[in-house]
Structure formats: C-alpha cells, structure tokens
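Just so you know, residue 1 is the first one in the sequence shown, and it goes up from there. Counting starts at 1 for both ligands and their atoms, in listed order.
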Amino acid sequence: MDKKRLEISDLGEFGLIDRIATNFDLKNRSSIKGIGDDAAVIDVGDDYLLVSTDVLVEGIHFDLAYTPLHHLGYKAVSVNVSDIAAMNGKTEQITVSIALSNRFSVDAVDALYEGIKAACDSFTVDLVGGDTTSSRAGLMISITAIGRIKKDKVAYRSGAKPNDIICVTGDLGGSFLGLQILEREKEVYLSNPEMQPEIEKYEYMVGRLLKTEARTDIVSDLADAGVVPTAMIDISDGLASELFHISKASNVGIHIFEDKIPIDHQTYDAAIEFKLDPITCALNGGEDYELLFTIAQADYEKLKNHADIHMIGYTNDKPTEKIMVSKQGTVVPLRAQGWNHFNG
Ligand code: ADP
Ligand code: MG
C-alpha cells in the first residue's frame with residue numbers, strides 16, 4: 001500500500017526536534033539539561049557549563065547580496081552568545097566551522113573572520129577551534145558557544161510560575177523590517193542596476209538585522225540588581241513564538257498587553273509604509289535577539305526603573321490561555337508563527 005511520505009514541513013522545525021529528542025535520554029549524571037532549552041547544561045563541579053550551537057546557511061539565513069561578510073561573522077558569534085545569555089550565562093569560548101565553495105576568495109574569508117574577531121573582542125570570548133571544509137555551493141557557518149553560570153543562577157525556559165511578571169528587553173520588529181527593506185532594495189537593484197539603494201533612511205532597522213548585538217549587558221544588569229529570572233529565552237523567532245516556548249516549558253498561561261510591547265518609532269513608521277501591522281511585526285518578526293524573561297513579583301522594584309527592560313504582562317495558572325489585550329481592550333489569542341525554514 002502506498003503510504004504517504006512524511007514531509008519535514010508536516011512536522012515543522014519544532015516538531016522535528018521533538019521527534020529527534022524522544023529517542024535520546026540522558027545517560028550521564030553530568031547532563032543536567034539536554035535538548036529543549038537555549039543551551040545544554042552540564043555539571044562541571046562548582047559551575048554549570050552551557051553549550052549551544054547554531055548554523056547559518058547562505059540563501060536561508062543570509063543573502064550575500066546585502067550582507068557584508070564582516071557583519072555576518074559578527075552576527076554568527078552574537079546569536080550564539082545570545083543563547084548562552086538566555087540561560088543567564090557568560091560565553092567564554094567558541095568554535096567556528098565553515099564550509100566554503102570556490103566562489104569565495106581569501107579576502108572574503110578574511111572579512112568574515114574580521115567580524116568574528118570583533119565579536120570575540122566585544123564579548124570577551126576566545127576562539128578555540130573549529131573546522132574548515134569545502135561546499136558544492138554557498139557558505140555555511142556553524143558556531144558552538146561554551147559558557148558558564150553559577151548553579152543557582154541558571155535560567156531555564158521552564159521556571160516561570162503563575163503571576164510572574166513578563167519582561168522583554170530593547171525593542172522588537174526592527175530586524176524584520178530591516179529584511180523587508182533590504183529585499184525591496186535588492187529587487188530594485190536587480191531590475192535596474194543603475195539605481196542606488198536607498199537605505200540611509202532605514203539605517204536603524206537594517207542595523208538591527210545586520211549588526212546583531214547579544215544582550216549580555218542585560219545579563220550583567222540582572223546580576224547587579226540581584227535578580228535571577230524565573231525563566232528566560234532569547235527572541236530569535238518572534239515574541240509570540242518565544243512566549244509559547246515559555247508557556248509550554250513552564251506550564252503557565254500568558255497575558256500580555258499590546259500597548260506595553262516595545263516598538264521603536266522608526267520600526268513603526270516603516271511597518272506602516274510597508275502596509276504591515278507594527279504589532280504583528282513585533283510578535284512574529286524574527287531575529288531581534290532581545291531577551292524575554294519572567295521575574296517573581298518580589299523582584300519588581302529592582303527592575304522597574306531599568307530603561308531598557310519593559311514589563312509587558314504576566315503569567316497565570318491557565319497554560320492553555322495565551323492572550324494579548326489590545327489597545328482597544330479586546331482580548332486577542334496569541335498565535336506563534338515564528339520563522340519556519342521548512343515551509344516553502
Ligand atoms: P534556539 O532557537 O534557541 O537556537 P532551537 O530552536 O534551534 O533553539 O533548538 C531548540 C533545542 O533543540 C535546543 O536544545 C537545541 O540544542 C536542540 N536541537 C535542535 N536541533 C537539534 C538536532 N538536530 N539534534 C539534537 N538537538 C537539536
Ligand atoms: Mg535561543
């Protein structure tokens with residue numbers, strides 16, 4: 001009998017990861033947290049070691065038509081440092097593996113590593129190894145970050161309790177608009193190479209996409225304030241998707257307020273220009289690399305005056321309830337769209 005082939009897109013990225021995870025249990029006592037958080041957690045004595053890997057693939061995650069290689073190198077490090085930050089940890093080492101086609105020159109590799117070096121300097125991280133190989137077409141970069149955290153300070157996705165305060169850093173949706181702008185300019189350029197790209201006006205959003213900065217400053221600020229988040233995740237796929245991860249891992253409901261979601265006015269204006277809803281861009285646009293975390297009510301006073309931490313709502317004891325109260329006061333169910341590389 002013909003059995004319909006199960007497509008990867010039928011499962012989606014998260015379904016696929018869940019399917020892989022069910023076949024692997026942890027055998028070593030030192031493996032504290034395996035698949036399912038921003039980084040793996042390994043017991044190495046006094047501290048926990050944190051390990052996270054991300055792969056960036058040309059044509060999927062970046063387009064070299066508008067991504068300078070040094071920015072790409074910086075970003076590849078930054079997104080891994082961000083995953084370690086999302087555990088409340090500090091990245092200490094990275095390994096970098098690249099696969100290159102003969103389309104790339106030594107100058108191109110130099111430019112990529114200039115960015116990797118700038119990120120290593122900026123985040124005080126050591127490059128300690130990697131691998132170099134060839135590819136049939138295109139560039140692939142895989143980075144593994146190794147970090148450290150005191151055992152009682154680690155923040156999982158799973159620690160939120162009902163009535164915790166939901167906090168988000170920085171502002172959201174900018175990277176998604178940056179991508180729309182660069183894609184539009186690329187189309188204009190392809191149809192008429194004489195046209196000069198018009199991106200100065202959109203520098204903020206384009207910068208949000210190309211010059212990703214992991215929020216290691218927030219991790220320090222939290223430590224200075226004496227706050228350990230009850231749960232934390234970095235915002236790579238969009239606020240809504242990350243809220244769903246916290247809800248599922250912590251078994252709590254989510255109640256946020258539209259008017260509390262931080263959106264920069266330039267992002268807002270660009271969204272309107274592109275006939276997009278700014279809130280949808282903030283909820284479902286990817287690659288902001290801000291931090292989303294929950295804190296106990298008792299810690300409210302310690303963070304309420306922080307200029308770049310925004311309290312957007314609270315958790316509740318109804319795990320199936322994930323809602324946003326709109327500016328008009330209506331209740332809108334949240335939907336997690338996120339990025340799905342396997343859909344079309
Ligand atoms: P993030 O967006 O924070 O980088 P991902 O959604 O990529 O996290 O991954 C979620 C979890 O699944 C992580 O714990 C990651 O290590 C794990 N994971 C992802 N892909 C695989 C895989 N192919 N094999 C094993 N674990 C994986
Ligand atoms: Mg993450």
Review point. Any idea how Tyr202 and Phe274 line up, ring-wise: parallel (<30°), tilted (30 to 60°), or perpendicular (>60°)?
Key: perpendicular
At under 4.0 Å between heavy atoms, what of Asp83 touches ligand 1? The answer is side chain
Restricting to heavy atoms, the pick from Ile235, Ile17, Ile35 nearest atom 20 (N) of ligand 1 would be Ile17
> Looking at Tyr74, is Lys211 sitting on its ring face, NZ or CZ under 6.0 Å from the six-membered ring centre and within 45 degrees of the normal?
Replying inline: no
Honestly, for Thr53 the part within reach of ligand 1 (heavy atoms, under 4.0 Å) is neither
Vertex the Mg ion (ligand 2), ends Asp38/OD1 and Asp234/OD1: angle to nearest 10° comes to 90°
From the list Lys151, Arg29, Lys33, side-chain hydrogen bond (donor to acceptor under 3.5 Å, both in side chains) with Asp43 holds only for Lys151
Exactly one candidate in Glu203, Glu287, Glu213, Glu290 meets salt bridge (charged side-chain N to carboxylate O under 4.0 Å, His left out) with Arg208; the answer is Glu290
Below 3.5 Å, N or O to N or O, backbone or side chain included: is there any such pair between Asp237 and ligand 1? no
With a 4.0 Å cut-off on heavy atoms, is Phe24 in contact with ligand 1?
no
Closest to the Mg ion (ligand 2), among the N/O/S atoms of Asp83, is atom OD1
So CG of Leu209 and CD of Gln180: to nearest 0.5 Å the spacing works out to 9.5 Å
*Do any nitrogen or oxygen atoms of Asp38 come within less than 3.5 Å of a nitrogen or oxygen of ligand 1?*
yes
Point to revise | Evaluation steps, ring-ring contact (aromatic ring centres under 6.0 Å, His included), between His245 and Phe14 | key: CA-CA 10 Å; His245 283 310; Phe14 300 134; 4.6 Å; yes
The option among Arg157, Glu13, His245 carrying the non-hydrogen atom nearest to atom 8 (O) of ligand 1 is Arg157
Any protein heavy atom lying closer than 4.0 Å to atom 13 (C) of ligand 1?
-> yes
So the atoms of ligand 1 within less than 4.0 Å of a heavy atom of Phe14 turn out to be 6 (O)
_Checking contacts now, so for atom 2 (O) of ligand 1, which I'm interested in, is there any protein heavy atom under 4.0 Å?_
yes
Atom CD of Gln297: over 12 foreign heavy atoms under 6.0 Å: yes
